[in-house]
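As structure tokens, the structure follows; a few thoughts come after it.
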Amino acid sequence: IAVATLAVGIGANTAIFSVVDNVLLRPLPYADSDQLVWLNFTAPGLGYDEMPFSEGVYAYMRTAQRRMQGMALFSGQEFDVSGRGDASRVSGERVTPGFFQLLGARPALGRAFAPGDGKPGAARVVILSHALWLSEFGGDPGAIGRTLTIDGVAHEVVGIAPPRFAFPGPSDRVWLPLIIDPANLNAGNFSYRCIGRLKPGETVAAARADFQSLVSN
């Protein structure tokens with residue numbers, strides 16, 4: 001169903017090819033960064049060199065693929081954040097639980113997102129950049145467990161990112177869980193970027209062939 005929806009969602013009679021590329025041209029400051037890859041699709045029949053993922057396609061590919069240790073979605077946006085001082089507009093990301101673990105980035109304080117954080121009805125939590133932690137809480141370790149108001153809603157601070165953590169961009173200041181409801185997947189909203197980590201010994205070519213087979217079958 002997910003593959004059929006993918007084909008319908010981007011146009012009938014369009015050739016769909018999976019693409020797996022190196023995440024950056026230079027090594028990332030994470031463990032075994034050579035295993036990290038971008039994942040996306042192309043739709044040459046519609047002139048799209050790159051198409052992102054939808055919730056439904058991600059859910060299908062993540063369970064059906066065989067070459068990745070894991071996959072994670074992320075989507076950037078702007079947030080209104082207020083804590084001890086005046087409200088400010090900051091850049092951030094909504095990410096699926098497992099995002100930090102996939103990158104091999106351990107929080108400087110607190111914890112990364114747990115699987116339950118990405119479920120509907122979960123408590124609102126946030127991970128702060130090291131810079132925002134310093135500006136909002138003065139580097140106080142007691143910030144863990146405190147709250148920030150984000151877009152008018154209170155979020156508990158559960159983690160502080162490492163000092164040099166800058167993914168996907170250096171301007172990101174907050175990371176929030178991306179909530180996905182398995183019972184109500186949006187298969188046609190192709191708006192999420194996706195990264196994966198290859199299993200030890202696997203290659204980009206093998207992963208590309210694996211994803212291609214899933215789309216073609």
Strictly by modelled atom types, are S75 and E93 linked by a side-chain donor-acceptor pair under 3.5 Å?
no
Answer yes or no: is there a side-chain heavy-atom contact under 4.5 Å between Q65 and L39?
no
Contact summary for L132 and R173, nearest pair of heavy atoms:
CD2-O, 3.6 Å
Do P177 and K119 have side chains that get closer than 4.5 Å, going by heavy atoms?
no
Please tell me if the side chains of E136 and V157 come closer than 4.5 Å, counting only heavy atoms from C-beta onward.
no
Taking T96 for its side chain and A72 for its backbone only, find out whether a donor-acceptor pair lies under 3.5 Å.
no
To check you understand the geometry: which heavy-atom pair defines the closest contact between M68 and A207, and what is its length?
CE-CB, 3.8 Å
Just checking W175 against F100, ring centres under 6.0 Å apart?
yes
Of all the heavy-atom pairs spanning P97 and L178, show the shortest one and how long it is.
CD-O, 4.3 Å
Is there a side-chain contact between V158 and I127 (heavy atoms, below 4.5 Å)?
yes
Within the structure provided, determine whether V81 and V126 are in side-chain contact (heavy-atom separation under 4.5 Å).
no
Using a 4.5 Å cut-off on heavy atoms from C-beta on, say whether the side chain of L185 contacts that of Y60.
no
Per the salt bridge (Lys or Arg N to Asp or Glu O under 4.0 Å) rule, what does the pair list look like for residues 58-67, sequence neighbours excluded?
R66-D210, R67-E202
Set of residues satisfying salt bridge (Lys or Arg N to Asp or Glu O under 4.0 Å) with respect to D151, sequence neighbours excluded
none
Counting C-beta onward and ignoring hydrogens, is there a side-chain heavy-atom pair between L36 and R197 closer than 4.5 Å?
yes
Ring pair (Phe, Tyr, Trp, His ring centres under 6.0 Å) partner of F74, chosen from Y192, F113, F167
F167
d(L128 CG, D172 CG) to nearest 0.5 Å is 12.5 Å
If I compare all heavy atoms of R146 with all of G142, which pair ends up nearest, and what's the gap?
CG-O, 3.1 Å
What heavy-atom pair brings E78 and S91 nearest, and what distance separates the two atoms?
OE2-OG, 2.6 Å
Check: E156 side chain, T147 main-chain N or O, donor-acceptor pair, under 3.5 Å:
no
Membership question, hydrophobic clusters at under 4.5 Å side-chain separation (ILVMFWY): are W38 and F99 in the same one?
yes
Using side-chain heavy atoms (C-beta onward) and a distance below 4.5 Å, is H155 in contact with V153?
yes
Which value, rounded to the nearest 0.5 Å, describes the distance between L134 atom CG and D140 atom CG?
11.0 Å
Closest non-hydrogen atoms of L198 and Q69, given as atom of the first, atom of the second and distance, are O-NE2, 2.8 Å
Do other residues, nucleotides or ligands put more than 12 heavy atoms under 6.0 Å from R106 CZ?
no
Applying salt bridge (Lys or Arg N to Asp or Glu O under 4.0 Å), name anything that partners R164, two or more places apart in sequence or on another chain.
none
More than 12 heavy atoms from other groups under 6.0 Å of NZ on K199
yes
Would the number of heavy atoms belonging to other residues, nucleotides or ligands and lying under 6.0 Å from CZ of R124 be above 12?
no
